[in-house]
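All figures in this text were calculated on a predicted structure; none of them were measured in a lab. Residue numbers start at 1 and run along the sequence shown. Any value given below was found using the heavy atoms of this structure, including those in side chains, with hydrogens, waters and symmetry copies removed.
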Amino acid sequence: MEIPDFGIPPRLADRMSMAEQHEYLRTRLSRRRTLVTAGAVAGGLLTGCSGSGSTGTATTSASPSATGRVHGSVIAPFGRHLAFGADPKTQMRISWQVPLAVRKPYVRVGLRPDDLSRKIEAELRDLHTPELRGVRAAVEQYYLHAALDGLSPGTTYYYGVGHEDFDPAAPQHRSTIASFRTAPARPERFVFTAFGDQGVGRDAAENDRTLLRQKPAFHLHAGDICYADPTGKGKESDAYDATYWDLFMKQNEPVTRSVPWMVTTGNHDMEAWYSPDGYGGQLARFSLPDSGFDPRRAPGVYAFTYGNVGVVALDANDVSYEIPANLGYTDGRQTKWLDRKLGELRAAEEVDFVVVFFHHCAYSTSTHASDGGVRAAWLPLFAKHQVDLVINGHNHVYERTDAVKGGEVGRPVPIGASTDPTRDGIVYVTAGGGGKELYGFPAGVKESYEGNESDHEPVGTFRWTKSRDTRAESVEWSRVRYRGFSFLSVEAESGTAPRLKVSALASSGERIDHFEVRRGA
């Protein structure tokens, strides 16, 4: 049976609910309308300076009519998502999407929801996806970004996004007003969350809802964000549907409109149709901190400090032996930057803990196993600078190690225990249960998590990725294993006895693991 060009490709329909199929068709049909191109729009800042995070993508603005309406309907923004700038105390980036290009996009911002008198111009990034192998028509997507600098620390701001003919301050649109809070001037208790491998679907949305109840100051997304590319090899021969991003942005908006969503790059995020390294799509859709070694070349590499925690995001596609599409694309520059940045954070007086997150696993026994490239390039640096916690995705399970030192168990860390990285080594967490279909563990390996503890025994001999082949090792470091949708919730405390209280929560909210990190305790 021939499928019309406005239908859903079977490979996508198979993994969509009926509601998602309806939304997919509605979104696709809306893009078949004709656009009329207009003039350019410049980026803006709260302080009136030129914006940061420019992608080099087209910044033309277009309007389907002189009134900014389509067939009598107002073009409504959707998919609002926040991210910190390089300094979370004073910088916030607000991003969103529109189904068609618009004129004069902007953000209104103020200290009260009834006073959004300040307007900041936004940059429009038009992302074109060509027709791919006759599977579907070309797609045009429109992402808007506003850079807010000069903010006050520890302050709640209210904002609304709009454009010509859509004013968020108008009575009929005031329900779209949201808020965010900047990082405090001095360290204080806060919570952040983390997972990888989210995608679109009921389980991903349920994780979002449970996560929001933790009231996180920010969220770390360890890559494989949307799965518009379900193949994940980083090649133009991969399957791909750009409109899956529309579903993703709408799904996540209840969280991302108020919680900064700090993403890094997974193998399914190498979208080969936009740029040589496949990151043109990420540059168009997200505004991330420009604190990395090359924000335009490697947008998923950056660092920021919130309270007493320094956070480093890395792009493991650069070092992965398993999926080599971008292996070595930074010519070692990312790893050199990592060495410098970890040294700076460890020397910073206000930083008690350093957390690193990236996609491919350093230690995991699930489907993708451990990546030898990650181990070779970065684990010596983590040990050198005594990183306190490493968070990965890639394997769609929850798995947590004991403290690892010199490639072996430096100290057992049972559920509820405390560990000291200066003495014991580093705990590695695979938090890949963000919402995508789950994986499992090797045959005969039992799950072991809070409420379902089994006697701790070595997993046995397991194979892991090493260059073009695989190597076997005796796995004694796997402490907690859970096959279910889940995420990390980390509470950071400062003061005379700083600590990280790390918990893993199932999507239901039930705790499946917890431990503490204390330096020099």
Lys405 side chain to Arg423 main-chain N or O, any donor-acceptor pair under 3.5 Å? yes
Atom of Pro153, atom of Pro184 and distance for their closest heavy-atom approach: CB-C, 4.1 Å
Under the side-chain contact (heavy atoms from CB on, under 4.5 Å) criterion, do Val356 and Leu342 qualify, and how do the steps go? CA-CA 9 Å; Val356 178; Leu342 290 178; 4.1 Å; yes
Side chains of Arg346 and Asp388: does their closest heavy-atom pair fall under 4.5 Å? yes
Could you tell me if the ring centre of Trp477 sits under 6.0 Å from that of Tyr428? no
Is Gln251 reaching over with its side chain to a backbone N or O of Gly201, donor-acceptor style, under 3.5 angstrom? yes
Qualifying residues under ring-ring contact (aromatic ring centres under 6.0 Å, His included), relative to Trp337, sequence neighbours excluded: none
Salt bridge (Lys or Arg N to Asp or Glu O under 4.0 Å) against Arg499, all qualifying residues, sequence neighbours excluded: Glu493, Glu516
For residues 82-91, the salt bridge (Lys or Arg N to Asp or Glu O under 4.0 Å) pairs (sequence neighbours left out) are Asp87-Lys89
For Val301 versus Gln334, what's the shortest heavy-atom pair and its separation? CG2-OE1, 3.2 Å
Between Ile415 and Val480, is the side-chain contact (heavy atoms from CB on, under 4.5 Å) condition met? List the steps. CA-CA 8 Å; Ile415 294 171; Val480 181; 3.8 Å; yes
For Arg519 and Asp420, indicate whether the former's side chain and the latter's backbone hold a donor-acceptor pair under 3.5 Å. no
Heavy-atom distance under 4.5 Å between the side chains of Val200 and Tyr244, does that happen here? yes
Between Asp318 and Thr330, does any side-chain donor sit less than 3.5 Å from a side-chain acceptor? yes
Full working for side chain to side chain donor-acceptor pair (under 3.5 Å) between Glu188 and Ser494: CA-CA 6 Å; Glu188 59 185 41; Ser494 55; over 6 Å; no
List for me each residue that meets salt bridge (Lys or Arg N to Asp or Glu O under 4.0 Å) alongside Asp277, sequence neighbours excluded, and say none if there are none. Arg297
Among Phe357, Trp261, Phe180, Tyr306, which residue satisfies the ring pair (Phe, Tyr, Trp, His ring centres under 6.0 Å) criterion with Phe218? Tyr306
Go through the side-chain N and O atoms of Tyr274 and Thr129 and say whether any donor and acceptor fall under 3.5 Å apart. yes
What orientation do Phe248 and Trp245 show, parallel under 30°, tilted 30 to 60°, or perpendicular over 60°? perpendicular
Short question: side chain of Thr182, backbone of Ser152 - any donor-acceptor pair under 3.5 Å? yes
Side chains of Met262 and Tyr302 in contact at under 4.5 Å (non-hydrogen atoms): yes
Is it true that atom CZ of Arg186 has more than 12 heavy atoms of other residues, nucleotides or ligands lying nearer than 6.0 Å? no
I'd like to know if Asp513 and Arg400 make a salt bridge, using a cut-off of under 4.0 Å between side-chain N and carboxylate O. yes
To the nearest 0.5 Å, what is the distance between CD on Glu344 and CG on Asp339? 10.0 Å
Is the shortest side-chain heavy-atom distance between Asp246 and Gln97 below 4.5 Å? yes
Separation between NZ of Lys250 and CZ of Arg80, rounded to the nearest 0.5 Å: 13.0 Å
Could you give me the CA-CA distance, side-chain angles and deciding distance for Arg93 and Asp149, then say whether side-chain contact (heavy atoms from CB on, under 4.5 Å) is met? CA-CA 9 Å; Arg93 306 302 182 237; Asp149 290 348; 2.7 Å; yes
Are Asp238 and Lys233 within salt-bridge range, i.e. N to O under 4.0 Å? no
Please walk me through it: do Asn452 and Glu447 pass side-chain contact (heavy atoms from CB on, under 4.5 Å)? CA-CA 8 Å; Asn452 186 42; Glu447 293 183 67; 4.3 Å; yes
Given the options Leu82, Thr193, Asp208, Leu212, Val259 meets side-chain contact (heavy atoms from CB on, under 4.5 Å) only with Leu212
So, are Arg209 and Glu206 salt-bridged, with charged N and O less than 4.0 Å apart? yes
Verify whether the ring centers belonging to Phe286 and His145 lie closer than 6.0 Å. no
Can you tell me how far NZ of Lys215 sits from OG of Ser489, rounded to the nearest 0.5 angstrom? 12.5 Å
Output yes when a side-chain donor or acceptor of Asp269 lies under 3.5 Å from a complementary backbone atom of Gly266, and no otherwise. yes
Do you know the tightest heavy-atom contact between Ser478 and Thr365? CB-CG2, 4.5 Å
Is it the case that the side chains of Asn392 and Thr430 hold a donor-acceptor pair, with the cut-off being a distance below 3.5 Å and no angle test? no
Got a sec, which pairs hit side chain to side chain donor-acceptor pair (under 3.5 Å) with one end in residues 352-363, sequence neighbours left out? Asp224-His359, Asn267-His359, Asn308-Asp352, His359-His394
Cys226 and Gln198, any side-chain heavy atoms less than 4.5 Å apart: no
Residue Glu510 excluded, over 12 heavy atoms near CD under 6.0 Å: no
Measure the OG1-CZ distance between Thr401 and Arg479 for me, rounded to the nearest 0.5 Å. 10.0 Å
Can you say whether the rings of Tyr482 and Tyr449 are parallel (under 30°), tilted (30 to 60°) or perpendicular (over 60°)? perpendicular
Ignoring hydrogens and angles, state whether a donor on the side chain of Glu322 or His368 is under 3.5 Å from an acceptor on the partner side chain. yes
Are Ser486 and Ile512 packed together at the side-chain level, in the sense that at least one heavy-atom pair is separated by less than 4.5 angstrom? yes
Would you confirm whether the ring centroid of Phe195 sits within less than 6.0 angstrom of the ring centroid of His221? yes
Is the shortest heavy-atom distance from the side chain of Tyr227 to the side chain of Asp229 under 4.5 Å? no
Between OG1 of Thr231 and NE2 of His268, what distance do you get to the nearest 0.5 Å? 7.5 Å
Starting at CG of Leu283, measure out to OG of Ser275 and round the result to the nearest 0.5 Å. 7.0 Å
Do Ser320 side-chain atoms and Ala316 backbone N/O form a donor-acceptor pair below 3.5 Å? no
Residues Asp294 and Arg333 bridged, charged N to O under 4.0 Å: yes
Taking side chain to side chain donor-acceptor pair (under 3.5 Å) as the definition, give me every residue that meets it alongside Arg285, ordered by chain and number, with sequence neighbours left out. Gln141, Tyr143, Glu271
Look at Arg481 together with Glu399 and state whether they make a salt bridge at an N to O cut-off of under 4.0 Å. no
Do Val263 and Gln282 come within less than 4.5 Å of each other through their side chains, counting heavy atoms only? yes
Would you please say whether a donor-acceptor pair under 3.5 Å links the side chains of Ser364 and Asn395? yes
Between Ser507 and Asn207, does any side-chain donor sit less than 3.5 Å from a side-chain acceptor? no
